[in-house]
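Below are the structure tokens for one structure; questions will follow.
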Amino acid sequence: AEAFKNKFGTKGYLSSKLALKNGVITGRVELSLSGGKGIVADLISGYGKDDSFAVGDSENDADMLDKVQSPFVMEPNEKLKTIAAEKGWQIVNRDSIADIIMSQCLRR
């Protein structure tokens, strides 16, 4: 997420954060945006939905993706792939996501 912020010059970002121990990822999640997505809902409530986007890869992200103007599904698991197809969300991969966000979101 920080790489997106730096590349696109956005004001900020939210991202789940993996726990580290001695510089190594432990497999635990220190901060998660899944499960209710209260933080995302608060941001949308305060700043509006215009120009908002989110990227998710599992069904745990569906609620968050539903809250933003431009949901992107990157290399999703099967459950999120099904949800994305039902909702018409764009499915992207690591090679295409930056160009897609630039062309769809940041030109507004």
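Atom set for the values below is all heavy atoms of this structure, side chains included, hydrogens, waters and symmetry mates excluded.
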What's the spacing between K81 NZ and D57 CG if we round to 0.5 Å?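 One finds 12.5 Å between NZ of K81 and CG of D57.
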As an exercise, state the distance from CG of D66 to NZ of K87, rounded to the nearest 0.5 Å.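 One gets 3.5 Å once the value is rounded to the nearest 0.5 Å.
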Is there a side-chain contact between W89 and F72 in this structure, where contact means two heavy atoms from C-beta onward sitting under 4.5 Å apart?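 Not in contact.
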Return the minimal non-hydrogen interatomic distance between A54 and V68, and the atom names on each side.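 So the two residues come closest at N-CG2, 3.7 Å.
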side-chain contact (heavy atoms from CB on, under 4.5 Å) evaluation trace for I97 with I101: CA-CA 6 Å; I97 190 167; I101 288 175; 3.7 Å; yes
Interatomic spacing from CG in D63 to CD1 in I83 - rounded to 0.5 Å: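 Here the interatomic distance stands at 10.5 Å.
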To the nearest 0.5 Å, tell me how far S96 OG sits from Q90 CD.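 Answer for the OG-CD pair, S96 versus Q90, is 7.5 Å.
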Where do Q69 and K49 come nearest, in terms of heavy atoms and distance?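 What the structure gives for the nearest pair is CB-O, 3.3 Å.
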Give, for atom CG of N93 and atom CD1 of I100, the distance between the pair rounded to the nearest 0.5 Å.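 Reported value, rounded in 0.5 Å steps: 7.0 Å.
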Residue pair V92 / V73, side-chain heavy-atom distance below 4.5 Å: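 In short, these two side chains do not touch, never coming nearer than 4.5 Å.
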Would you say S52's side chain and G48's backbone share a donor-acceptor pair under 3.5 angstrom?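 Between the backbone of G48 and the side chain of S52 there is no qualifying donor-acceptor contact (under 3.5 Å).
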Hey, what do you get for CD (E59) to CG (L65), rounding to the nearest 0.5 Å?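 The distance works out to 11.5 Å.
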Is a side-chain donor or acceptor of N77 paired with a backbone partner of L80 at a separation under 3.5 angstrom?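 Yes; at least one donor-acceptor contact below 3.5 Å.
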